[in-house]
Number of protein chains: 2
Amino acid sequence: MAVTIRDVARVSGVHVSTVSRALTAAHLVKPETRARVLAAADQLGYRPNRAARALSTRRTGNLGLIVADIANPFFPPLLKAAQAQARARDYHVFIADTDEQARVEEELVHSMAKQVDGAVLVAPRLTDSAIASLAEELPLVVVNRRLRGVPGVLMDVGAGARSAVEHLLGLGHREIALVSGPGRAWTSGEIERAAGGIADEHGVLIQRIGPNAPTEEGGRAAAEEVVASGATAVLAHNDLMAFGLARRAAELGVDVPGDLSVVGVDDSHLARYSTPALTTVNMPVAEAGRSAVDLLLQAVAPGGSTGTVSLETALVVRDSTAPPRRDDAAG
Amino acid sequence: MAVTIRDVARVSGVHVSTVSRALTAAHLVKPETRARVLAAADQLGYRPNRAARALSTRRTGNLGLIVADIANPFFPPLLKAAQAQARARDYHVFIADTDEQARVEEELVHSMAKQVDGAVLVAPRLTDSAIASLAEELPLVVVNRRLRGVPGVLMDVGAGARSAVEHLLGLGHREIALVSGPGRAWTSGEIERAAGGIADEHGVLIQRIGPNAPTEEGGRAAAEEVVASGATAVLAHNDLMAFGLARRAAELGVDVPGDLSVVGVDDSHLARYSTPALTTVNMPVAEAGRSAVDLLLQAVAPGGSTGTVSLETALVVRDSTAPPRRDDAAG
DNA sequence: GAGATTCTTGCAAACGTTTGTAGTCAGACC
DNA sequence: GGTCTGACTACAAACGTTTGCAAGAATCTC
């Protein structure tokens, strides 16, 4: 039924091994022969069977992309970029959604292991040691997780959080709250550390609220505590939470940014679309997706090197931050 | 290195073929033998090599998911649901992004053909005949495209558009515009036909504006024409466009919904997040993703049947629609 | 112009499974 | 007690590639 290398061999009058070489190791066959083979392949519409190739070479030409939640707006641009990069390198990508569950994440790596040359774990929820042990089974690259021995792509969210707090301090805020996300995420720790550090330098204490689910609901849930705390500004773990927080605050009669400045993290499209448009930390997700794939491909290649790339983030000031009200500052 | 069926055979003291059968055709081996084999497999951490299995059975256990733009908020929930459904059926999914290019779509089907048992084309940009010819090469399911001979999942966007127009008519609008999307999309035609039909019944003429790119920019671009047309209400091809349109209208000093009611299509999260929250036609995308996978799996199965499933849509009324201003109606 | 290289190609084994065929064994049947 | 049946298992070929090895042809070297 399907046309195989054998058919091509017959039509072009050479042995299958010659066809194979003509296709994958051009310099090993005489140019004229190669031309004949290619012509035959083209004429027959031959496409190599990657499963057979994989069996023989032990390389599948496939990559895995494992994320916590495809529908979370943070991920799609990353997936898109990673997929495009992989395709440019002639790799296909499997995608899998863990539904935020560490156990599923682990199981997915196992079940993919024989089908891919390596996998990218985006913002993994697993423990460091679990990831390290998976990495022995399959070449892995992590995004937004620092792990010795495992190549990673880090977006410098700490620097972004620092800029965000500096921005708030510069506006005159002295009562700043931090609504944190899931304890397990690497970004949570980075944000807290950086925000705390810069606030310290200015003799300001940041109130931490949370942890919360990294969703709009999580943000809403934190809103009352934020308002009650008397904070005039708040930095949220991500845009979704910032958005939920701002919405809930509005319902409580608190004006954003008049009474409360809100800063998010991610710069998802949400940030531009919401009203007021969200001041947020831009994450270079597309770049991260590309880098992750490149790193993985390097790690997988014969003389595979392993490294970590760090990407810069930047604060994007929009309409959800403003100086605190005089009376607030006085009270 | 990796543990194969051969290792399992050695440890459990049987032939490889027995191991194979113990794993895939339980009734063909004696229960005790099977238990021994399973124990050995478990102990060794054996995982079947799917490439080898694929070579032998000619079934890969993989599915392809091809979409125009992963980052367009319409797709991720569909991808998520499809992926989950596939996983529940023990299939893995390849994902690919065509960047809205028909040629890429075609090439992707070709390059996936040998690696998957079938593919889902979501809102394809190809012509009917191109899809039909691809369908001979590989079992295909289309989403939001009607094509004889190719199973499909259709979201009844026509009914949704009809409800939307009825809603606007009910509010008292008589000057209604339709901002259409890409001419190639099936949904474009459906919306136009349905909207035109119901308006006709009420003796109202709908002004068609476009076609435009199905993006925020496309919506912005159409805004001036909409405003100039004197329409008091507008139905946009999708939420992104509705959103861009509303934003641009606001910039032009046109109040939404006071001066102009805006209705979108998709009910992406964007609709809930924007201000004013968008009245829009809800599309059952998760359901569509699941159905598409089920349909594909049916088509691929031995006695494969082929069918079309149609899913209902529903108008969701939010804050972007209101009765027309008196003076407008009078003018 | 003979030996040494280098090219070019064919042969056959291997990758890890599945599966058709055939063999063994125990029990049933008469 | 011999034959038949059915349950169970081993054998070996096949799936479509790649690749080490070897052989023959062509080219080079002196």
Side-chain angles (χ1 to χ4, degrees), chain A residues 1-38 40-41 44-62 90 92 110-117 302, chain B residues 1-38 40-41 44-62 90 92 110-117 302:
Chain A
M1 183 110 255
V3 20
T4 80
I5 206 175
R6 220 158 237 107
D7 302 313
V8 178
R10 185 160 7 87
V11 169
S12 49
V14 299
H15 194 261
V16 293
S17 61
T18 302
V19 175
S20 173
R21 281 189 266 256
L23 261 28
T24 62
H27 62 283
L28 288 182
V29 343
K30 181 153 60 170
E32 315 147 34
T33 313
R34 173 152 192 268
R36 224 168 56 233
V37 169
L38 293 185
L44 295 174
Y46 169 76
R47 297 261 171 173
N49 180 324
R50 293 181 87 142
R53 185 175 277 180
L55 198 52
S56 193
T57 62
R58 301 157 154 268
R59 310 196 75 238
T60 61
N62 296 148
D90 204 25
H92 285 176
H110 281 131
S111 77
M112 275 190 176
K114 289 269 182 35
Q115 287 221 91
V116 300
D117 296 336
Chain B
M1 184 110 255
V3 20
T4 80
I5 207 176
R6 219 159 237 104
D7 302 314
V8 178
R10 185 161 6 86
V11 169
S12 48
V14 299
H15 194 262
V16 292
S17 60
T18 302
V19 174
S20 172
R21 281 190 260 259
L23 262 27
T24 61
H27 63 283
L28 289 181
V29 343
K30 182 154 60 169
E32 313 147 37
T33 314
R34 174 151 191 268
R36 225 167 55 232
V37 169
L38 292 186
L44 295 173
Y46 168 76
R47 297 261 172 173
N49 180 324
R50 295 181 86 143
R53 183 175 280 180
L55 198 53
S56 195
T57 61
R58 305 162 148 259
R59 310 196 75 238
T60 62
N62 296 147
D90 205 24
H92 286 175
H110 281 130
S111 77
M112 275 189 177
K114 290 271 182 36
Q115 287 221 91
V116 299
D117 296 335

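Below, chain A is the first sequence line, B the second, and so on; all start at residue 1. Excluded from the calculations below are hydrogen atoms, water molecules and symmetry mates; all remaining heavy atoms, backbone and side chain alike, are included.
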Report summary line: Reading nucleotides 11-21 of chain D from 5' to 3' and marking B where a protein heavy atom lies under 4.0 Å of the base, S where only the sugar-phosphate is that close, and - otherwise, the string is BB--BBBBBB-
**Report entry** Check against side chain to side chain contact (heavy atoms under 4.5 Å, CB included), B/Leu28 and B/Thr18
**Finding:** CA-CA 9 Å; B/Leu28 289 181; B/Thr18 302; over 6 Å; no
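Residues that satisfy the side-chain hydrogen bond (donor to acceptor under 3.5 Å, both in side chains) test with A/Thr60, not counting sequence neighbours, are A/Asp117.
At distances below 3.5 Å, not a single donor-acceptor pair connects side-chain atoms of A/Arg21 with backbone N or O atoms of A/Val29. When atom types are taken as modelled, the side chain of B/Arg36 and the backbone of B/Ser12 share a donor-acceptor pair closer than 3.5 angstrom.
Of all heavy-atom pairs spanning A/Arg10 and A/Asp7, the tightest one is NH2-OD1, 2.8 Å.
In this structure, B/Glu32 atom CD and D/dA7 atom P are separated by 15 Å, rounded to whole Å.
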